[in-house]
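When reading the values below, keep in mind they use all heavy atoms of this one structure, side chains included, and skip hydrogens, waters and symmetry mates. Protein chains get the first letters and strands the later ones, always in sequence-line order, with residue 1 at the start of each.
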Amino acid sequence: MSVILEAVDLKKTFPVKGWLGKSKGAVSAVHDVSFSLKEQSTLGIVGESGCGKSTLARLLMRLIEPDEGKVLFKGKDILTMSGSELRNIRKKIQMVFQNPYSSINPKLSVLDNVAFSLWENGVSKSEARKKAHYYLEAVGLPKSYATRYPSSLSGGQRQRVAIARALVLEPEIIIADEAVSALDKSVQAQVLNLFQELKSEFSLSLLFISHDLNVVEYMSDEVMVMYLGKVVEKGMAQQIYDNPTHPYTRALLNSVPSMEVGVSTLNNSPITGELPSPMNPPSGCRFRTRCPHAVDLCASNYPPEIEVRSGQNVSCILYENKVRAKILL
Amino acid sequence: MITENTEHYSTTPTTILKRKVKKEESTSQKIIREFCKKRTAFVSLIILLIIFSSCLLAPVIAQYDPLEGDIKDRLLVVGSEGHILGTDEQGRDMLTRILYGGRLSLLAGIAPVLVAGLIGSFLGIVAGYFGGIINTIIMRTLDIFYAFPAILLAIGISAALGQGINNIIIAISIVFIPPVARIAESAVKGVREEEFIEAAKSSGANNFSIIRYHIIMNVFSRLFVYCTTQISISLVLASGLSFLGLGVSPPNPEWGIMLNNLKQQIFINPLLTIIPGLFIFITALAINLVSDGLRDALEIKE
């Protein structure tokens, strides 16, 4: 499978300004993040709130300009594009946002919310509405909803509208940024299944961002775990969920409540402490302040990516020594 | 429940447009229904409509000349035969002059709000949407006008421009632009952060269409209601300027200048002198009550 979207060493820091515009420091939101998304597959991105998942999504869409790095869509760098070239590429990557209550314009009808993107791209209004109807049907909204206004729709229905709006431009990639976290569990399941169905129907590649590990496991072929703007582990979903290697991934998976009888997950290396402020991230490995295995060396420099199994990469000093790594695995 | 009555529409593309119109009608119908439920607002609207239409139809309703009177019939009391509202110090029929004067007074109430509403909204939307240095330049420049009390600024500008209704309209427009711009700017700032703006940007929409379809649609009702409240202030301000002699030149009727002309008669015929004031008061009050009703009907949260 060929790679459709690739990020290379993306970096974004937000300057924090104090009184009279004096710089007070910088929030390192995304730091040297690289990944590749294969055609028609799903990459899940997990991590706690504030670890830079949403910033990453916006960097990929160029809604925020990255400080450094490259975003390659089919080998072409999006960040150097401008004008009509950028507009054409943007159509290929669409996003479904987190909050269905703020991602739809309340003053436009459901139909026009979806059709807007089309008529902005030179399609006539009646043609755009016709197409919008088709996609509203594809996401499972009854015909009668098209003329309604978003205020009469439930959260799940609104999210369906948002998905239809993303689909209407016939993109190749959909970035779902916490697309189900604002929804009820039962509605979540419906929307997740909808994503799966649409993915195969319209041959989409999916970038699925969530803090919910179960959701990501259900959706993804590959998974990337982020902590404080850095990628700590990435690999095939099966590998990561069955054999997590990074202490953070392990702790994260242990924190998921289990439905199995008799299995206690409570006491296996829990994460202690708070997420450090991204304004002054810890030196070296960013997880060391909460890591149960931290040693002095962790503070000095950031651990390189180490391939522990084929396709599974981890950024942890514990795996640098091949002999020690065998024991840990 | 709503599903039932919309289900039977067909989906051929030609009917889609019709359906949209139908739906929009029902939203405005809802607003009208909400508005009519408020009895004070509804009654105020009717009073306003009566005042407006009778001023417009002044030549038809009034039987006298607004500029020339019969000196024999000076200062007739309210309710005199042939002169329902009496006559003024030159024997001119009061009702006639109120009706003709209302045309200028209402014009001076509405025109500045229209002008300031358009210019102020434009400046506020541009400042709020683009932010940064553009925002600083526009908003700080407008802040200069806040340094002067509104009435003083209006007096200053119209004194500089000279007498006449046009200059009053210009003066009051200038006074009203900063507050309208400020309201527009803060409303736009709120909308700009919404995710649907990001979604529109990522679909390749340009700033102009984002402002047109997403920003203006979401701030319009707030601006509209704010502007309606300004009409009464503008009306009072314009009358005040005329009262001070900065507005319409004497033979022409206007409510403010009529009040000024009749103020010497207050001990002779007190009821007569307050008639123009009464009309200013009723009109301003009715406008305010209507805009209150509109605010409720449009469900605007402050």
Side-chain angles (χ1 to χ4, degrees), chain A residues 58 61-64 84 86-91 93-113 115-122 125-127 129-134 137 142-152 162 165-166 168-169 171 175 177, chain B residues 1-28 30-31 132-133 136 187 190-222 298-299 301:
Chain A
R58 283 168 174 76
M61 298 286 302
R62 248 186 111 175
L63 288 169
I64 310 174
S84 60
L86 178 67
R87 271 162 71 108
N88 285 333
I89 286 289
R90 268 190 170 161
K91 283 196 284 184
I93 312 173
Q94 287 292 300
M95 191 157 161
V96 177
F97 291 86
Q98 175 169 11
N99 184 355
Y101 290 90
S102 113
S103 67
I104 307 177
N105 185 349
K107 299 287 176 186
L108 287 179
S109 69
V110 166
L111 190 68
D112 284 353
N113 257 302
F116 175 78
S117 330
L118 274 177
W119 80 55
E120 265 318 289
N121 284 291
K125 281 201 178 182
S126 59
E127 191 68 24
R129 291 202 173 105
K130 204 164 125 191
K131 226 168 172 186
H133 261 295
Y134 171 74
E137 218 164 301
K143 276 173 194 156
S144 57
Y145 281 66
T147 46
R148 288 204 203 167
Y149 283 81
S151 55
S152 62
R165 181 182 56 194
V168 81
L169 287 173
I175 301 178
D177 178 18
Chain B
M1 329 146 271
I2 312 164
T3 331
E4 283 164 10
N5 51 29
T6 47
E7 203 84 275
H8 61 271
Y9 292 119
S10 65
T11 46
T12 49
T14 41
T15 57
I16 292 168
L17 280 170
K18 279 184 205 156
R19 282 163 59 178
K20 192 176 173 291
V21 171
K22 197 144 202 163
K23 187 72 199 175
E24 269 175 4
E25 257 176 22
S26 83
T27 7
S28 54
K30 199 179 130 200
I31 291 167
I133 186 80
T136 312
V191 177
R192 197 186 56 174
E193 300 305 318
E194 302 272 358
E195 281 175 345
F196 60 80
I197 304 290
E198 274 188 304
K201 274 184 194 159
S202 65
S203 70
N206 56 29
N207 288 330
F208 177 74
S209 348
I210 292 178
I211 289 177
R212 180 172 161 210
Y213 288 102
H214 295 294
I215 300 279
I216 292 183
M217 280 196 151
N218 281 287
V219 298
F220 178 76
S221 54
R222 216 179 135 186
L298 291 168
E299 290 170 340
K301 290 160 206 108

**Report entry** N218(B) to P106(A) - nearest heavy-atom pair and separation
**Finding:** OD1-CG, 3.4 Å
Query raised in the report: When rounded to the nearest 0.5 angstrom, what is the spacing between CD in E198(B) and CG in D177(A)?
Result: 9.0 Å
Chain B contact via [X] - side chain, backbone, both or neither, heavy atoms under 4.5 Å:
X       : result
F97(A)  : both
I104(A) : backbone
N99(A)  : both

Report summary line: Pair count under 4.5 Å, heavy atoms only, with chain B: among R87(A), M61(A), K125(A), R62(A), highest is R87(A)
Query - Choice from R165(A), R58(A), Q98(A) maximising heavy atom contacts with chain B below 4.5 Å - result: R58(A)
Query raised in the report: Judged by modelled atom types alone, do E120(A) and S203(B) share a side-chain donor-acceptor pair under 3.5 Å?
Result: no
Query raised in the report: Do W119(A) and Y213(B) touch side chain to side chain, with heavy atoms closer than 4.5 Å?
Result: yes
Query raised in the report: Does the side chain of H214(B) reach to within under 4.5 Å of the side chain of L108(A), using non-hydrogen atoms?
Result: yes
Requested in this report: Taking E195(B) for its side chain and P100(A) for its backbone only, find out whether a donor-acceptor pair lies under 3.5 Å.
Outcome: no
